[in-house]
> 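One structure, pasted below without further comment.
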Amino acid sequence: MDRIRIVGGNKLNGTIPISGAKNAALPLMIAALLTDETLILDNVPRLADVAQLQRILGNHGVDIMSAGKRPGDHEYQGQTLHISAANIIDTTAPYELVSKMRASFWVIAPLVARMHEARVSLPGGCAIGTRPVDLLNMALEKLGAELSIDGGYVVVKAPGGLKGAEIDFPKVTVSGTHVAVMAATLAKGTTVITNAACEPEIVDVADCLNKMGAKISGAGTTRIVIEGVTKLHGARHTVLPDRIETGTYAMAVAMTGGDVLLAGARPELLQSALDVLVQAGATVTPNNEGIRIARNGAGIKSVDVATAPFPGFPTDLQAQLMALMTMAKGSSHITETIFENRFMHVQELARFGARIHLDGETATVDGIAKLRGAPVMATDLRASVSLVIAALAAEGETMVNRIYHLDRGFERLEEKLSACGAQIERISG
Ligand code: UD1
């Protein structure tokens, strides 16, 4: 298994190109199941999760062509995928595939909307919490689907097709909102979703679906209205930039000091995180190329933050912020309100010498002047990258083991960081 070796202490200076958003690319690829015409997606990041979803869609009979680079393309430019679900040959998503990536459960929505049936394995456990799918199932039942659980699979049927309905989510859920929106595009009549998730990735998917002929309004607000149509058609769409990758590198620069342009980043996608970084002592300057982030001279200041659904501080940046706070002056409090068990990084950060005390859903971080490199590993994607951030500032060598998780969500991490002066390398095998 590959590892990453980091020798800390270098400031980051230069430019980091921001890739397309993983959390938009996955539902966009799944949305291709809604039409028998070709959906072309540009700026798709080259990630293990994208490759895994290609396999899962292939199992349903979807043809995916990945276009090569064109002359003049930047080496970091995302890939273009031509996705054609002309013939869906299988409406079952098997356990072996779904258990590897939770978001693949979402294929249930386009399959039942278009094929009127699906059999999708329950995704199973997850390192960051129980992550049930009850609200996704509730949304499909509201739309008239009949659901049963059989042998670990959700079996869903809608013999006469789905019907528009009112869906009120008792809790803000990104997955529930994606599933409800996708399924409602082909339902008969109007669907109104209330307490919908407002994340930018929901807006990106709705924009793409509208290009495909769907009639969705209100995406990005808590009330989304969908007028069902009988058929969707092909379209071409560019995946929006990854706000979590942006925030992660911004935290890394705040941690090491230096001055980096996050090229292609859009500040409105992560304003709450940028505000926190300014409080923590970083200088954040949006310009027409992206976002410049710098910390020169000033030390890191402690901040108190609670994660919240968009536009609040994202849970997917909580671990990275905690890494930054390990070297802040004073104590900071970080409260996780979205996932009940998302503190797997605490014990690993402690291996660098960090002082973190957990009390229920709040971590108190007492900043120290120096971290020391150590062998570490992590069990989820964002936790893994928090260890990279700590290692970049730590004295001496860190070996990050089990980097499989990093490859799921960060494109060419070591190349992007080493181009800015970090001493970081991948060790294969
Ligand atoms: C998505 C993101 C993930 C991010 C999360 C929150 C993708 C591929 N993943 O995950 O990176 O951390 O949003 O921003 O986009 N819940 C239920 N029942 C359900 C569904 C969810 O109780 O049926 C709960 C979850 O356990 C969690 C909360 O609702 O406590 C939010 O989950 P949700 O927004 O659905 O997260 P995901 O879509 O899984």
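Order of appearance sets the numbers: ligands from 1, and atoms from 1 within every ligand. Position 1 is the first residue of the sequence, and the numbers go up from there.
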> Tell me which part of Trp106 gets within contact of ligand 1: side chain, backbone, both or neither, using heavy atoms under 4.0 Å.
side chain
> Is a side-chain N or O of His60 found less than 3.5 angstrom from the main chain of Ile88, in a donor-acceptor match?
no
> Would you call Glu411-Lys22 a salt bridge at under 4.0 Å N-O?
no
> Out of Asp380, Asp316, Val133, whose heavy atom is nearest to atom 11 (O) of ligand 1?
Asp316
> Do any nitrogen or oxygen atoms of Pro132 lie less than 3.5 angstrom from nitrogen or oxygen atoms of ligand 1?
yes
> Can you check whether Pro94's main-chain N or O pairs, donor with acceptor, with Thr92's side chain at less than 3.5 Å?
no
> Just list the side-chain donor-acceptor pairs under 3.5 Å for residues 138-148, sequence neighbours left out, or say none.
none

> Looking only at side chains, do Asp380 and His345 share a donor and an acceptor under 3.5 Å apart?
no
> When you look for heavy atoms under 4.0 Å from ligand 1, do you find them on the side chain of Arg342, its backbone, both, or neither?
side chain
> Taking both backbone and side-chain atoms of Leu135, is any N or O found less than 3.5 Å from an N or O belonging to ligand 1?
yes
> What part of Ile244, side chain from CB on, backbone N/CA/C/O, both or neither, has a heavy atom under 4.0 Å from ligand 1?
neither
> For a quick check under 3.5 Å, do Ser332 and Lys301 share a side-chain donor-acceptor pair by atom type?
no
> Record the part of Glu340 in heavy-atom contact with ligand 1 below 4.0 Å; permitted values are side chain, backbone, both and neither.
neither
> Are the charged groups of Arg342 and Glu361 less than 4.0 angstrom apart, N to O?
no
> Considering all heavy atoms of both residues, which atom of Thr248 and which atom of Ile389 are nearest to each other, and what is their separation?
O-CD1, 3.7 Å
> Short N/O distance, under 3.5 Å, between Gly176 and ligand 1?
no
> Name the option, out of Lys22, Lys171, Glu199, His178, that contains the heavy atom nearest to atom 29 (O) of ligand 1.
Lys171
> Whether Lys231 and Asp36 form a salt bridge (side-chain N of Lys/Arg under 4.0 Å from carboxylate O of Asp/Glu) is what I want to check.
yes
> Can you tell which part of Leu136 has a heavy atom less than 4.0 Å from ligand 1: side chain, backbone, both or neither?
both
> Below 4.0 Å, non-hydrogen atoms only: which portion of Thr315 touches ligand 1? Side chain, backbone, both or neither.
side chain
> Below the 3.5 angstrom mark, is there an N/O of Thr173, backbone or side chain, next to an N/O of ligand 1?
yes
> Return yes or no for this condition: an N or O of Arg102 is under 3.5 Å from an N or O of ligand 1.
no
> Got an N/O contact under 3.5 Å between Ile338 and ligand 1?
yes
